There are 2 protein chains.
Amino acid sequence: MRIGELAKATGTKAETIRYYEREGILPAADRTDSNYRDYSDNHLAALTFVRRARQLGFSMAQVRELLDLSDRADKPCQEVDELVREQLEEVEQRIVDLSSLRDELRLLLRSCQANRIDECRIVGSLARPLRRVAR
Amino acid sequence: MRIGELAKATGTKAETIRYYEREGILPAADRTDSNYRDYSDNHLAALTFVRRARQLGFSMAQVRELLDLSDRADKPCQEVDELVREQLEEVEQRIVDLSSLRDELRLLLRSCQANRIDECRIVGSLARPLRRVAR
DNA sequence: CTTGACCTTGTAGTTGCTACAAGGTGCATA
DNA sequence: TATGCACCTTGTAGCAACTACAAGGTCAAG
């Protein structure tokens, strides 16, 4: 399977796949006579794993860890568990942060009742008196 | 006021302030005889505005728009309103996305009941059979 | 035999900073 | 007076995780 096919099958751009290979996240593919990358079903599974982990918000570094761990079939899976737990906590924290951000924006929106910018409390509550410079 | 003071007053690193100036987000400061940047209270207010908007999740491009708009005191503030509304929608969408992500991670955590990685359903549900390459 | 879709490598751009390096300035202290 | 130290200057490079070229090679269809 060529890179374009693999890309389509996983919803990943070909350039991203090459990038993963450069970064050692994915193993290098075989090459055809004409030097095209030639992927197996194993590559498909590997890329699926990576993409799924990325979608779950794991960083590249975390994905690397997950890959390392999943290579060691005999190890207790406590460490995998731990990684997932950390990621969950991070996501929960981000939700908390975004929620208070959302509340602030809602307040801001409600504060605009004027018609002109110099009367607008949105601008006022961001508070900015200075003229800016051109780029 | 020198850059370090302004930095402390706004909780911004000096390097970030210089970056904002380079990017035209902040107007250039006056210079002392020894070529140090010399800031006024107006600069303080401007930087406060920028930092506040950034904390609210507005991109640099959006901050630029907000700055442009707030320069035009006579305009109706509909556009400011619109920007805030867009940002609010984006934040709300991000909360939705992160929430389903959180749910998936919770499921993943609950699915791990085995002791060895080759029996671990977390790794299994990320599904990855291929050996990786060294960096 | 040419067109067009694909592939190759290598390099540079994105966002919003952050971190140097190499040198100049300003002020307190020995 | 010297000197040490915190501060300032410019310029450049790095971060994450891609994305977007450019310049050229390959291959099948018409």
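These numbers come from the heavy atoms of this one structure, side chains and all, not from hydrogens, waters or symmetry mates. So that the names make sense, note that chain A is the first sequence line, chain B the second, and so on, each numbered from 1. Everything quoted here is computed from the prediction, not taken from an experiment.
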Looking at [N], I'd like to know if its phosphate oxygens (OP1 or OP2) sit under 4.0 Å from a side-chain N or O belonging to [X].
X      : N       : result
S34(A) : dC27(D) : yes
T16(A) : dT19(D) : yes
R22(A) : dT11(C) : no
R64(A) : dA17(D) : no

Q: For Y36(B) and for R51(B), find the nucleotide of DNA chain C with the closest heavy atom, then tell me which residue's nucleotide is more 5'.
A: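 Closest to the 5' end, via its nearest nucleotide, is R51(B).
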Q. With sugar-phosphate meaning primed atoms plus P, OP1 and OP2, does R37(B) contact a base, only sugar-phosphate, or nothing at under 4.0 Å between heavy atoms?
A. sugar-phosphate
Q) What nucleic acid atoms does R18(B) come within less than 4.0 Å of, heavy atoms only: base, sugar-phosphate, or nothing? A) base
Q) Considering only heavy atoms and no angle criterion, is a donor-acceptor pair shorter than 3.5 Å present between the side chain of Y20(B) and the base of dG16(C)? A) no
Q) Can you find a donor-acceptor N/O pair under 3.5 angstrom joining the side chain of E15(A) to the base of dC21(D)? A)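 Such a pair is found, so the answer is yes.
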**Q.** CD1 on I3(B) to NE2 on H43(B), rounded to 0.5 Å
**A.** 10.5 Å
(Q) Would you compute the distance between atom CZ of R37(B) and atom CZ of R18(B) and round it to the nearest 0.5 angstrom? (A)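 Taking CZ in R37(B) and CZ in R18(B), the distance rounds to 5.5 Å.
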**Q.** Euclidean distance, atom CD1 of residue I17(B) to atom P of dC8(D) [Å, nearest integer]
**A.**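 Result: 9 Å.
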Q | Protein-nucleotide distance (K13(A), atom NZ; dC21(D), atom P), rounded to Å | A | 10 Å
Q.
What I'd like to find out is whether the side chain of Q93(A) reaches to under 4.5 Å of the side chain of D97(A), using heavy atoms alone.
A. yes
Q. Do the non-hydrogen side-chain atoms of E82(B) and E65(B) ever get within less than 4.5 Å of each other?
A.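 E82(B) vs E65(B): side chains apart.
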Which nucleotide in the set [options] lies at the smallest distance from any side-chain heavy atom of [X]?
X      : options                  : value
I3(A)  : dT18(C), dA20(D), dC7(C) : dC7(C)
R31(B) : dC27(D), dT8(C), dT10(D) : dT10(D)
R2(B)  : dC7(D), dC6(C), dC18(D)  : dC7(D)

